[in-house]
Amino acid sequence: QTAPRQPHTSGWQSQDSAHHLHPFTDYKALNAKGSRIITHAEGCYIWDSEGNKILDGMAGLWCVNIGYGRKELADAAYAQMQELPYYNNFFQCSTPPAVELSALLAELTPPQFKHVFFTGSGSESNDTVLRMVRYYWKLKGKPYKKIIIARDNAYHGSTVAGASLSGMKAMHAQGDLPIPGIAHIEQPYHFGVAPEMDVNEFGLRAARALERKIDELGECNVAAFIAEPIQGAGGVIVPPDSYWPEIKRICAERDILLVADEVITGFGRLGTWFGSQHYGIEPDLMAIAKGLSSGYQPIGGVLVGDKVADVLIGEGGEFFHGFTYSGHPVAAAVAATNLRILRDERIIERAAEDVSPYLQRRWRELADHPLVGEARGVGMVAALELVKSKSPREDFAPAGKVGTLCRDICVENGLVMRAVRDTMIISPPLVLSREQVDELIEKATRSLDQAA
Ligand code: PLP
């Protein structure tokens, strides 16, 4: 039931259209319709300025892992702002929240990670990855090892390096990207590329594209491979089981660094603290952001494994890299509080043991819907592939129209789902209850019915 239109909504919308350039937004489409103004949130729900209560199936932008409205995080920010609102961690200085957060990350990450380099976002984390791996190989006496291999349809951020590492053609086209020294290989997208092929055979084939690319570029020129354990913004691409072990083998045999972009999969999304643990990846570096603070403050980082850290610390001089807000005390204090709550309340483990198996089971039921070609997911992330016909398989053309329609219907029905072309995605807070899973499935089903 839509509440009566609030008088301030139209005022906000017209000022928004007049002055605010939004990220990833078609401005003409937004101005024609007016933005939805989100005013407050609690638990797994957001409210808009019209008074509509909406189940947030995306945890904001895959980040509010702990759920909305945790007062402890607000208290941590307030206390830190009074104590020390800002000081930098440059030039031989440090601040207690940055120290505490780095020690906490060393405790919560796999044993090879004892060091972290703080950033302000996931994009900055991946920029840092690029700079760090090239510096590492220079220190190792192999300055020609420069090229970073990433994957088609990956999303690693919007800065110049982040967008270059990303494999999104539309982003590249607008910015004359990628920058030199970055190459891409195919993604392990079974449903999209070769649904008729045996899934694990396909996984091996997709992984071996890395080997072929290394051969083409010359092993001596390749610095690293970067990938999300599960591609998120590319459409929740769940790799076949055969994929990651093969990638691991190739990186080890070919002497290239393995970087996991854990910006989405870090801090519990797949049921383990890091997505790398779910797949047994054992990366050399991990990029983090989002769930680090559950989105309550902007903060990210690069977790640096011993193999790289030992060289940076033992053999390097000054690393000419860093951001004014690297390890920002307020953001770090909030992130540390968030991590302690995740740990002490066993939020990740509880979601993995109870709610996510239930969510995944109920989500798979949606595969019976006439619009759904595949329902997939792991832990607290899932996707539906919308198709015009299941058998013989026919996709919608032009791609994306039905996805957008379904997304808009969902919001009207009180559920945020994201559309990536015609793939519908959820990535809800980890504190979602079983009752809220039922609500999500009911609203998703109703929206699919209306979109069909
Ligand atoms: N890496 C991944 C896997 C992401 O999903 C994102 C954002 O969605 C980023 C990096 C970029 O993070 P940010 O938007 O904080 O710069």
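This structure is a prediction, so every number in the text was calculated from the model and none was measured. Atoms within each ligand, like the ligands themselves, are counted from 1 in listed order.
Residues satisfying the salt bridge (charged side-chain N to carboxylate O under 4.0 Å, His left out) test with D16, not counting sequence neighbours, are none. The salt bridge (charged side-chain N to carboxylate O under 4.0 Å, His left out) check on R36 picks up D48, E412, with sequence neighbours excluded. Remark: E385 pairs with Y189, R376, T423 by the side chain to side chain donor-acceptor pair (under 3.5 Å) rule, at least two apart or across chains.
Below 30°, between 30° and 60°, or above 60°: for Y279 and W244 the angle between ring planes is between 30° and 60°, a tilted geometry.
Residues lining ligand 1 at a heavy-atom distance below 4.0 Å are given as S121, G122, S123, N126, Y155, H156, G157, E228, D261, V263, I264, K290, ordered by chain and residue number.
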| ring pair (Phe, Tyr, Trp, His ring centres under 6.0 Å) between F319 and Y135, intermediate numbers included | CA-CA 8 Å; F319 181 28; Y135 181 42; 5.1 Å; yes

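The side-chain contact (heavy atoms from CB on, under 4.5 Å) with L415 is formed by just one residue from the set L55, I409, I441; it is L55.
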